Structures are given as structure tokens and as C-alpha cells.
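A quick write-up on the structure given underneath.
For ligands, and for the atoms within them, numbers begin at 1 and follow the listed sequence. Keep in mind it's a predicted model, so treat the numbers as computed, not measured.
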Amino acid sequence: MNWSVPLFDPDLGPAEEQALVDVIRSKWLTMGDRTKAFERRFGDLTGVQTALACNSATAALHMALEALGVGPGDDVVVPSLTFVATANAVRYCGARPIFADVASLDHWNIDARTIAQALTPATKAIVVVHYAGYPCDMPAILELAAAHRLTVVEDVAHAPGVKLNGKPLGSWGDVGCFSFFSNKNMTTAEGGMVTTRRPELAERLGWMRSHGMTTLTLDRHKGHAFGYDVVALGYNYRMSELNAALGLVQLDRLLERNALRAGLDTAYRERLALLDGLTVPFSRHRGESGYHLMPVLLPMGVERKVVMEAMRADSIQTSIHYRPIDTFTAYTDAGLGPANVPVTHDIGSRVVTLPLFPSMSRDQLARVCDSLERALRGIAAETA
Ligand SMILES: Cc1ncc(COP(=O)(O)O)c(C=O)c1O
């Protein structure tokens, strides 16, 4: 469908095209100099010594948890209001995800209080998600983790280039996991990055990314090494040079695009404040955000499907971020849900995600808000 306002619109142009052509002409297609350069620049942005490019955030999360020693018999606290990959990665390790509720109807991240409620004697780690790009309260979460000797993984899929108290997200916890999927703030089509300040983890993550091999093809090609050993059971989670080349170009404008998202967020909030009963989360947020999503909470009793269908009739694409993970069949069938996360369930039943992308015009934004207002008015008139 050709939407008049799509949910997202990746910003790709001649620089990306040229970067891909250059890779093809170079004939070095995977894990080469571009990947290394992308890792160096992303590491600098994130303030970590180690940034390893991989083929998705899902792979990054899996490697992070395994590198931290998470395995069968362990529990890992995760949010339920996130993409299913966050919890799936725990299950790949044979561990059990335990869902923590979001802090409130306004702050849609898990926090130290809700994490503490989800702890069990078997808890080994916490995975936090900076939902929609809004930072979790990392100082309090790290304090709780230290008190219980837990490791912390940050899922930074929505917040590349975002700082909390001047310190980049992805450098607060033991490991940070980023996504460059096509709808993200910067894209490599598919792709991810795993970041850490801990050198011993860096080595393990490197092994896991490429079959536990001790040297890379590029090093052997360049004559830096003749052979390799396999020292761990690893995977093929490598990034191609095509993806890395896209990443290098996209990185150039990440902060500029995040700023455009911030401007749109402000305009949205001003306009949406006029809609009766509708609320926008993170209303008390101060400081940076990735503004990856524009979620709104519909008034109680409004049928979401009717609103989304009315907006679709106006050629405006909307979505839901997220159906709580603990309600999915693959989770309830496995005895991992439903969880005791009432605020998450309330949000899950009323959230609608509105379009948000850096090249969105103010006219498109006005059309989205007008359409939403009409839909809500129509429903109110029918129920009156
Ligand atoms: C919060 C969150 N975590 C993880 C992922 C998984 O990312 P990827 O598609 O790169 O595996 C996503 C992607 O949508 C996400 O939104």
C-alpha cells in the first residue's frame, strides 16, 4: 500500500548507493576494512573500547547473554513491552525470561522498583530496553544490580547516539546491543552492534560472532596470520561489508536525524495535548531521547481497531508497539506467561504508534493528528 503518511521511511540516498557500489568493486564483501572502520566510529560514539558489528540486535543480545554466562537454570529479568527478540535471546541460552512491569502509565520503561519485584533466587542478569529511545534510570538499576551481583545488558535498539547524564547509552551496562534494521534511527538493512567496556567479554564476543575462531579471514588474507584455532562454540553472526558501508554513511547523519526526530516529537506533543483523554508517554522526560517511536495511549474504552482503521482510510499507517511478549502463544505455551505486569497489559491494549521519521513534514504531522482527532470525535459521537 502506498501510504500518504507511512509509519517510517528510511532515509537513503546517493551516498548510500555509492558506498554499496564501492564495496562491490572492491570485491571484499564481508568483515573487512569497512566493518572495522564502522566498529571504530560506533565505539567512539558510544564511548566504549569494544564495538563488534554483527548481523542483528537479536544476534547481539544472544552473544551478550551467553558471554555473560547465562544458561540453563538461570532467570533473566526483561521487559514485556518490547520486541520479542529481547526475551527470545534469553530463551536461546536455555534460561528463563522473567517479565518486569513498566514503571508507570507515563514512564514505559522497567525501573529498579519493578525489576526488584521480578527477582528470583535464580536471577543472573537484567536486560533493559530504552523504549522508543527514552533512557531507563540506569544509575538506580545499576545500583540494584550491584547489590544482587547481577549483570546488566542494555537493548539500545531504539537509542543509538543517545546520552543519559552525558554518558552514552550502551556504555552503562556490561554489554550494549544495537539494531540497524531498516526501520531504526540508522540502518544497514539488517545489522547490529554489540558494545562493551569489559576486555574479557570483548574476546568472548569476538569468538561467538565467528565460530569461536581465533583469527579472521581478513587477517589471514593480509598475511597477519596463517591459521586459526577454534576455541569456543560460536555462531556465524558476522556483518557484511555492504552492511558496514551503509552503516558508515548513515552514522554521518545519525545525530542530525535524531535532532529532526526531537523537533517532530515536540510538535506532536503540542498538537496531541489538545485531544481529550489521549496521553503521550514520557511527558516528564527531560534530557536526550532517540525519539524512535511516537506512541500514544488512547482514552480508556476507545476501540483501538476503529481508530486504526479510520486512520488507514485516511492513508495513514499506524502500528502497535508492543503487544506484551508474555501474552504471545509461544510464551504462554511454554509457561512463561501471562505475567503479573498489569500496567504493561493496560498499555498493550491501548497503545497506538503514530508515524515518525526524520523526513516527515509538518504537513504530514498535522494530517496524522487531524485524522486521529476525527477518529476519536467520531467514536465519542457514536457512544454519546
Ligand atoms: C527493542 C528491540 N530489541 C531488539 C530488536 C531486534 O533487532 P534486529 O531486528 O536487529 O534483530 C528490535 C527490532 O525491532 C527492537 O525493537
Side-chain angles (χ1 to χ4, degrees), residues 7-8 10 38 42 51-66 76-93 97 99-100 102 108-110 125-136 152-162 169-170 172-173 175-195 205 208-209 235-240 242-244 246-247 250-251 254 258 261 281-282 289-295 319-326 328 330-331 344 347-348 351 353 356-357:
L7 192 65
F8 72 96
F38 183 34
F42 201 85
L52 296 175
C54 54
N55 54 25
S56 68
T58 307
L61 286 161
H62 182 195
M63 290 193 288
L65 290 166
E66 203 172 290
V76 178
V77 178
V78 296
S80 182
L81 193 72
T82 175
F83 184 59
V84 69
T86 314
N88 277 352
V90 174
R91 297 180 69 186
Y92 298 159
C93 297
F99 296 103
V102 298
W108 292 9
N109 283 325
I110 61 173
I126 303 163
V127 184
V128 297
V129 176
H130 305 293
Y131 175 95
Y134 293 90
C136 295
V152 176
V153 174
E154 291 177 77
D155 180 335
V156 206
H158 299 177
V162 176
L169 298 181
W172 283 83
V175 186
C177 301
F178 292 82
S179 173
F180 308 127
F181 180 63
S182 55
N183 65 359
K184 295 298 186 280
N185 288 31
M186 58 171 283
T187 184
T188 63
E190 297 276 4
M193 191 76 76
V194 61
T195 57
L205 291 165
M208 244 168 264
R209 174 175 62 174
Y235 307 90
N236 174 1
Y237 284 164
R238 296 184 297 262
M239 175 173 271
S240 86
L242 293 157
N243 300 113
L246 285 177
Q250 289 266 304
L251 204 47
L254 171 67
N258 282 356
R261 288 174 177 276
F282 299 100
S289 166
Y291 304 104
H292 173 57
L293 301 170
M294 190 68 224
S319 185
I320 294 169
H321 292 85
Y322 292 91
R323 171 169 164 184
I325 298 176
D326 66 288
F328 283 127
Y331 278 75
T344 296
I347 292 167
V351 60
T353 312
L356 180 63
F357 48 92

List of N/O pairs, ligand 1 versus protein, all under 3.5 Å?
residue  : atom   : partner : partner atom : Å
ligand 1 : 3 (N)  : D155    : OD1          : 3.3
ligand 1 : 3 (N)  : D155    : OD2          : 2.7
ligand 1 : 7 (O)  : S179    : OG           : 3.4
ligand 1 : 10 (O) : A57     : N            : 2.9
ligand 1 : 10 (O) : S179    : OG           : 2.8
ligand 1 : 11 (O) : A57     : N            : 3.3
ligand 1 : 11 (O) : T58     : N            : 2.9
ligand 1 : 11 (O) : T58     : OG1          : 2.5
ligand 1 : 14 (O) : K184    : NZ           : 2.7
ligand 1 : 16 (O) : H158    : NE2          : 2.9
ligand 1 : 16 (O) : Y322    : OH           : 3.3

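Listed for the N243 side chain is a donor-acceptor partner under 3.5 Å among the backbone atoms of E190.
Side-chain contact, Y331 with N88: a donor N or O sits under 3.5 Å from an acceptor N or O.
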>> Working note: F38 + F180, criterion ring pair (Phe, Tyr, Trp, His ring centres under 6.0 Å); need CA distance, chi angles, decisive distance, verdict.
In response: CA-CA 12 Å; F38 183 34; F180 308 127; 5.4 Å; yes

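Residues meeting the side-chain hydrogen bond (donor to acceptor under 3.5 Å, both in side chains) test with N55, sequence neighbours left out: none. Applying the ring-ring contact (aromatic ring centres under 6.0 Å, His included) rule to H130 yields no partners; only residues at least two apart in sequence or on another chain are considered. Taking the side chain to side chain contact (heavy atoms under 4.5 Å, CB included) definition, one finds that T344 meets it with S80, L81, D101, V102, P324, V341, sequence neighbours left out.
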